[in-house]
There are 2 protein chains.
Amino acid sequence: MAPTIKDIAKLANVSHTTVSRALNNSPLIKEVTRKKIAEIAAQVGYVPNYNAKSLVMQRSYTIGLFFTSIANGTTSGFFSDTIRGVNSVIDVEYNLFIRGIDDYTEYSSIHRKRFDGIILMSQSEADNKFIYHVVQQGIPIVVLNRQIDDRSIINIISNDREGAYNAGKHLIEAGHQDIAIIEGVEGFKSTQERRDGFIKALIDHNIPVRNDYMRSGNYDMQSGYEAMGKLLDLEKPPTAVFCSNDDMAIGAMKSVFERGLQVPNDVSIVGFDDSGFSLFANPSLTTVKRPIEKISEQGARRLLSLIKEPIENDVLISIDTEFIARESVRKLSK
Amino acid sequence: MAPTIKDIAKLANVSHTTVSRALNNSPLIKEVTRKKIAEIAAQVGYVPNYNAKSLVMQRSYTIGLFFTSIANGTTSGFFSDTIRGVNSVIDVEYNLFIRGIDDYTEYSSIHRKRFDGIILMSQSEADNKFIYHVVQQGIPIVVLNRQIDDRSIINIISNDREGAYNAGKHLIEAGHQDIAIIEGVEGFKSTQERRDGFIKALIDHNIPVRNDYMRSGNYDMQSGYEAMGKLLDLEKPPTAVFCSNDDMAIGAMKSVFERGLQVPNDVSIVGFDDSGFSLFANPSLTTVKRPIEKISEQGARRLLSLIKEPIENDVLISIDTEFIARESVRKLSK
DNA sequence: TAAGGATATCATAACGATTACCTAGTCACC
DNA sequence: GGTGACTAGGTAATCGTTATGATATCCTTA
C-alpha cells in the first residue's frame, strides 16, 4: 500500500504530527529533522492523500471549468482553446473538471466542498441561474466571455461589439451598401453583442437596416450555409455578409461557391473569431480575432488569486478584438 | 454549513450508521425508516461529501482523460470530439480530469488513490512509459487510438492503415500515378500506420514509391501548406497528394491555390479524419472518416465496466474507418 | 418457556491528513 | 536555583463517511 505520514513517522522515529509539519514546512520543525523527513518521504515515494487532506482542510483541489453547453453551439476551436488556456495556468496539483451546464438538471452536486473555484465560459443569459447558485454557495467564480451585471463577480470578456462594429465599418468603407448579417445562436449574449455592433456600424454610416438582410444561424457551418442560401435567393442579394463567427462564414462561402459565384468577387464575407482554418480557407477569411486563449488564461490566473485571497475588487476586464483583413472582402470601386 | 449524515441522524432519531446505510440502500434497513431518512435528506438538501467517502472507500470518483500532448499535434476537432465522447458517457458523479502527458515530468501524482480509472488517447509510442506506470499502479486503463502490444490492456483503435490504403487505392483507381504523401508528426503511431497503408496501396498496384514524394508534416495546417509547396517545386510535381490528416490537406490546398492552380483539376487531394470543415472546404475534401467520438464513447464505457468488475479479457476493438468521396479528387481519363 | 435465530439498529473504529493544545527541555536572568 | 520564555515536538481531536462487531427486540420451536 502507498505509504502514509505514519509510515514515515515510524521510519524517522518521530510522531506523524512532526512529519506533517515537516512536509508542510512548518517553522516548528528543526531544519535537520525536516531534511531527514523529506529524504525519507522521497525515498519511500510518499504522495499525500488528497482526500484526507481535502476532508480536513475543507478544500477540494478541484477547479471546475464549465461551458454553457459542450454539445451545442460550442465550436471545437473555441472549446479547445479555452481548455488549453486554462490548462496552461492551472498546475497539476489541481484537478480540472470540465462540464457543460446543460449536463445538469439541478445543481446540488455543485458546492463548496467539491470545487475550490469555478471558471465559467458563458455564452448564454440562461447561465445566470447557474452563476447565482455558485455565488450563493460561496464558491469563487470567474465568468468569461459574457458580460454580467453583478459587479462583485470577476468578469473577463472580449469586446465583441466593437469587433463587429469594425467588421461592419470595413465592409462599408470598401464601398458596400447592401450588407447582410448571419447571426449566432439565439439567446447567446455574443450573438446580441455582435448584432448590435454591426447594426451600429450601419447606422453610423447612414445605411438602412434591412430586415431581410438579417438571418439567424446557430454558429455551426451548416447554419451558415443555409442562411447564405436564403440570402442569395433574395431578389436583391447583398454584396457583403457579416457572419457572426468563422464557422458560419465557411458554410456561407460554400453556399456561394455552389451557385457558381465567387468570394469575394460576387459576395464579400467577413467572419468572427479567427479560428484556426480562417487563414487557410480559400479565399482566406477576413475576420475579427477574438483572444479566447488569452481570456481563459487571464481567467484562470484571476481565479487562482481569488482563491488565495478572497478580495472582491470589482473586476471587469475587456480584451480588445483585432480586425484581420484577408482576402474575402472585395473593394467596390463605385 | 452543509448537512452531514450526523445531522440527518439527529433529525431522524437514529444513528448516523443507519443513515449511511439507508442512503446506500442497504438491505439491513427497514423500508419505512429508509423512506423517512430519504425524505429528511432531501429536505435538508443533503449531498454526500465525496472526500470523506473517497477516503474510506479508497476510491476517487475521478476519471483521468490523458492526451499525449494537449499543446502539440492535437487538433482542435480531435481534442474536442474526444472530450465530447467521453463526457457523454461519464455521468456527473465522476470528475473528469483532463491533461496532457507532456505536462508531467514525473508520474508520482498519478496513483490509485487519485484515479479510479484512466482513459488514454494515445498518439505516440513514448506514451508507453506512462502506460507502464499506470498499469503498475494498478489503475484500470483503456488505451485509445493506438495499438499497443500488451494484450492485457483494453485497446480501442481505428483501422488507420486500412483507411489510408483505401485513400491510396481511390487515387490510383482514379488514374493517378504520381501520388505523394504528406505525413503526420514523426513518432506518432498514426503517422506510421497511415504511411504504411498508403504505401501498401502503391505497391499492390505496382506504382513505384518515390522518395521525393514523401514529405513530413506535423498535422497542422501550416505544415501541410509548406510540404505542398515543396512538392509543387519539384520538377515533376505529383498529380495527387494524400495528406495524413484534414488539417494538412487544408493547408496543402491553400498552397495549390496560391500558385494559381486548381484542386482537383491540377492536383487531387485526399485528407484523413473527416473533421468538421472538410465538408465545407472548397472544393469539399475527399477524406477518410475516423470515428473519434465513437472510439471515445466506447472507451469510456469499457473503462466504467472495467472499474466495476476488473475482468481482463483481452480486448482489442478496431473500429473501421469510412472512405468519403467528395470533390477534391479528379478522375484522370488517360 | 428457554434457547436459538432472524431482524433492525447502534456504538465504535477505521481512512489519512491537519491542528489546537499540551509538555519536556534549554537558556537567561534576577 | 527558581521562574519565565522559547524551542521542538508529542497527544489527541477532528473532518464525514463506511465497515465491523455488538445489542436489543421479536418470533420460532422444541
Side-chain angles (χ1 to χ4, degrees), chain A residues 1-38 40-41 44-62 93 95 108-109 111-116 137-138, chain B residues 1-38 40-41 44-62 93 95 108-109 111-116:
Chain A
M1 267 290 79
T4 71
I5 50 170
K6 286 185 185 168
D7 299 324
I8 297 177
K10 253 181 222 143
L11 290 173
N13 257 318
V14 295
S15 76
H16 72 277
T17 305
T18 303
V19 175
S20 172
R21 288 197 175 119
L23 261 25
N24 288 301
N25 294 317
S26 155
L28 289 179
I29 304 297
K30 251 201 300 196
E31 183 57 22
V32 46
T33 47
R34 204 191 60 68
K35 267 217 169 116
K36 187 177 69 178
I37 290 173
I40 296 179
V44 300
Y46 169 77
V47 279
N49 181 320
Y50 275 86
N51 289 316
K53 205 166 174 159
S54 296
L55 183 56
V56 62
M57 306 278 284
Q58 311 268 35
R59 292 190 42 194
S60 63
Y61 298 93
T62 297
E93 93 163 334
N95 287 331
S108 69
S109 69
H111 52 267
R112 196 139 185 212
K113 299 269 176 61
R114 191 137 176 229
F115 295 102
D116 283 357
Q137 293 285 318
Chain B
M1 269 290 79
T4 71
I5 50 171
K6 287 187 184 168
D7 299 326
I8 297 177
K10 252 180 222 143
L11 291 172
N13 257 319
V14 295
S15 77
H16 72 276
T17 306
T18 303
V19 175
S20 172
R21 291 209 171 105
L23 261 25
N24 288 301
N25 293 316
S26 155
L28 290 179
I29 303 297
K30 246 201 307 198
E31 184 56 22
V32 46
T33 48
R34 204 191 60 68
K35 267 218 169 115
K36 187 178 70 177
I37 289 173
I40 297 179
V44 299
Y46 169 77
V47 278
N49 181 321
Y50 276 85
N51 289 316
K53 205 166 175 159
S54 297
L55 182 57
V56 62
M57 307 277 284
Q58 311 270 34
R59 292 191 43 194
S60 62
Y61 296 93
T62 297
E93 93 164 334
N95 287 333
S108 70
S109 68
H111 52 268
R112 197 142 184 207
K113 299 267 178 62
R114 189 134 177 231
F115 295 101
D116 283 358

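Chain A is the first sequence line, chain B the second, and so forth, proteins listed ahead of strands; every chain is numbered from 1.
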Tell me the interatomic distance from [X], atom [atom1], to [N], atom [atom2], rounded to whole angstroms.
{"X": "B/Lys30", "N": "C/dT7", "atom1": "NZ", "atom2": "C1'", "answer": "9 Å"}
{"X": "B/Gln58", "N": "C/dG16", "atom1": "CD", "atom2": "C1'", "answer": "9 Å"}
{"X": "A/Lys53", "N": "C/dT19", "atom1": "NZ", "atom2": "C1'", "answer": "14 Å"}
{"X": "A/Asn51", "N": "C/dG16", "atom1": "CG", "atom2": "P", "answer": "10 Å"}
{"X": "A/Ile29", "N": "D/dA8", "atom1": "CD1", "atom2": "P", "answer": "9 Å"}
{"X": "B/Lys35", "N": "C/dA8", "atom1": "NZ", "atom2": "C1'", "answer": "18 Å"}
{"X": "A/Leu23", "N": "C/dT19", "atom1": "CG", "atom2": "C1'", "answer": "15 Å"}
{"X": "A/Leu28", "N": "D/dA8", "atom1": "CG", "atom2": "P", "answer": "9 Å"}

Original post:
Which of these, A/Ile40, A/Ile8, A/Asn24, sits in a side chain to side chain contact (heavy atoms under 4.5 Å, CB included) with A/Val19?
Top reply: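 Only one of A/Ile40, A/Ile8, A/Asn24 forms a side chain to side chain contact (heavy atoms under 4.5 Å, CB included) with A/Val19, namely A/Ile8.
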Below 4.0 Å: OP1/OP2 of [N] and any side-chain N or O of [X]:
{"X": "A/Tyr50", "N": "C/dC15", "answer": "no"}
{"X": "A/Thr33", "N": "D/dG9", "answer": "yes"}
{"X": "A/Ser15", "N": "D/dG10", "answer": "yes"}

Any N/O donor-acceptor pair, [X] side-chain to [N] base, under 3.5 Å:
{"X": "B/His16", "N": "D/dT18", "result": "yes"}
{"X": "B/Arg59", "N": "D/dT17", "result": "no"}
{"X": "B/Thr17", "N": "C/dT12", "result": "yes"}

Do [X] and [Y] have side-chain heavy atoms sitting under 4.5 Å apart?
{"X": "B/His16", "Y": "B/Thr4", "answer": "no"}
{"X": "A/Ile37", "Y": "A/Val14", "answer": "yes"}
{"X": "B/Thr62", "Y": "B/Arg114", "answer": "no"}

**OP:** Nearest-nucleotide wise, let me know which of A/Ser20 and B/Val56 is further upstream toward the 5' end of DNA chain C.
**Re:**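 First, find each residue's nearest nucleotide; the 5'-ward one identifies B/Val56.
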Original post:
Does the side chain of A/Thr18 pick up a donor-acceptor pair with the side chain of A/Ser15 at under 3.5 Å?
Top reply: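 A pair is found: one side chain offers a donor N or O, the other an acceptor, under 3.5 Å apart.
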**OP:** Using heavy atoms to find the nearest nucleotide of DNA chain D for A/Val14 and B/Val19 separately, return the residue whose nucleotide is more 5′.
**Re:**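 Here A/Val14 is the residue nearer the 5' end.
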Original post:
Heavy atoms under 4.0 Å, any strand shown: does B/Lys6 hit a base, just sugar-phosphate, or nothing?
Top reply: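 Counting heavy atoms under 4.0 Å across all strands, the contact made by B/Lys6 includes a base.
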**OP:** Could you please name the option among C/dG16, C/dT18, D/dT17 that lies closest to any side-chain atom of A/Thr4?
**Re:**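 Among the listed nucleotides, the one closest to the side chain of A/Thr4 is C/dG16.
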Original post:
The side chain of A/Ala52 lies closest to which of these nucleotides: C/dG16, D/dT17, C/dT19?
Top reply: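 Closest of the options to the side chain of A/Ala52: C/dG16.
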